[in-house]
Amino acid sequence: MEAATATFIGSSIGICRPAKSVARSGFLATIGQDFVRFPHKHCSSVSYSKPGHRRVAYGSRRCMGVRASLSSSSDSSGSIASIAPLQLESPVGQFLSQILISHPHLVPAAVEQQLEQLQTDRDAEKQKEEPSATSTDLVLYRKIAEVKANERRKALEEILYALVVQKFMDANVSLISTMASSSTDPSGGVDTRPSQDEKLERLHSPEAYDMIQNHLALILGNRMGDSTAVAQINKLRAGQVYAASVMYGYFLKRVDQRFQLEKTMKILPNAVDEGETDIRKVVSSHPEAFSDGVSPGGLGHGLKASRLRNYVMSFDGETLQRYATIRSKEAVSLIEKHTEALFGRPEIVIALQGTIDSSKDELVKISFGGLKRLVLEAVTFGSFLWDVESYVDSRYHFVLN
């Protein structure tokens, strides 16, 4: 699997990073120009930033009631390893982890309280007067302010993650918690899990699921219907497919939300229902998903026309670029951390020519049915991430665009 991509409609589209994010090595950084592409020169491959660690006091009085109810629970271990791959580290994250395990229905209320506290802390920080420029305390003051801002951002990321996990729990869908392969299970546990495809399908609109099916067809090719066939891929490439599918799910939910609104208001463009999308354009703009032992002749097998794709293709370049951009650095960082927690840090070497050598990375043998499960989960994760990012931003503004 050389790469899977977020190029899903007639002209190549990709996921742009938010402004001023800092690049580092990892799954998203290895998604090159042939993996996630956008026809505008302003957009580069995804980068993401590394926030600092966070220490937060639970200052809200209303939060005490929730914590008291947790103290009486004997099964609250403070770790969500059994329900999600990423372990939350900040005090806020660990607090929400306990609630996810013992009282998941209380997560929204607990999040509201924590967001109120973050807003209070941020407002108090803004009201502080900066020392005069001649003061020897100026450098120290700014450093403390930077550390506190990073702590709030760390807590915000983990609030987003807790809300995404809670949405999966509400849907009765279990996240894959690890991709650690073994001699008894070379698929990393994916193939031994019961299928949840139908549950995941119900979480999307019919129009969005049509595009998801085309996304799967572009990745799996003519093996899409052969769920028992096995592919051998390294974890880097599997992680690239997963991360790109998360970003696609984020983009898809964003455009589908607008599509459903305009459909309800009966103001959809006429082009949406005019003819069929030229599938050849889609295939030609989509890099081949698999190159290791999988027939390339299957690329594009099973693609069908989609009203939502036609709708997206009616966007002008500026609108398309805006919708294909992940809005916050927190969301980009969360995608990277979640993918790395699931697949582990990839063993890669950057050659002198700038190419990526992943020959030493661990290989997994996974069925195409398991790959489909991974992609469906990833797309749904991205869809949920859009939802919770919008919800949190309405209560604690952090999205820049």
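Because the structure is predicted, anything quoted here is derived from the model rather than measured.
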- Task: Report the residue from Lys235, Glu377, Arg237 that forms a side-chain hydrogen bond (donor to acceptor under 3.5 Å, both in side chains) with Tyr242.
- Result: Glu377
By side-chain contact (heavy atoms from CB on, under 4.5 Å), which residues pair with [X], not counting sequence neighbours?
X: Glu262; result: Arg258, Ile267, Leu268, Pro269, Tyr311
X: Ala208; result: His204, Ser205, Leu252, Asp256, Leu308
X: Ile144; result: Leu140, Lys148
X: Ala145; result: Glu125

Any side-chain heavy-atom pair of [X] and [Y] under 4.5 Å:
X: Ile326; Y: Ile335; value: yes
X: Val379; Y: Val375; value: yes
X: Leu96; Y: Glu158; value: no
X: Leu118; Y: Val92; value: no
X: Leu376; Y: Leu216; value: yes

- Short side-chain to backbone donor-acceptor contact, Lys199 and Asn172, under 3.5 Å: yes
- Gln166 side chain to Leu100 main-chain N or O, any donor-acceptor pair under 3.5 Å? no
Mind checking what makes side-chain hydrogen bond (donor to acceptor under 3.5 Å, both in side chains) contact with [X], not counting sequence neighbours?
X: Lys263; answer: Glu207, Gln260
X: Ser394; answer: none
X: Asp197; answer: none
X: Glu201; answer: none

- For Asp170, the salt bridge (charged side-chain N to carboxylate O under 4.0 Å, His left out) test, sequence neighbours excluded, returns none
- Message: Checking Arg395 now: which residues fulfil salt bridge (charged side-chain N to carboxylate O under 4.0 Å, His left out) with it, not counting sequence neighbours?
- Response: Glu112
- Message: Could you tell me if Arg153 and Ser333 have a donor-acceptor pair between their side chains, going purely by distance under 3.5 Å?
- Response: no
- Item | Contacts of type ring pair (Phe, Tyr, Trp, His ring centres under 6.0 Å), residue Phe168, not counting sequence neighbours | Phe384
- Query: Is Arg122 positioned over the aromatic face of Tyr396, cation under 6.0 angstrom from the ring centre and no more than 45 degrees off axis?
  - Reply: yes
- Task: Provide the full list of ring-ring contact (aromatic ring centres under 6.0 Å, His included) pairs with a residue in residues 144-163, sequence neighbours left out, each pair given once.
- Result: Tyr161-His338
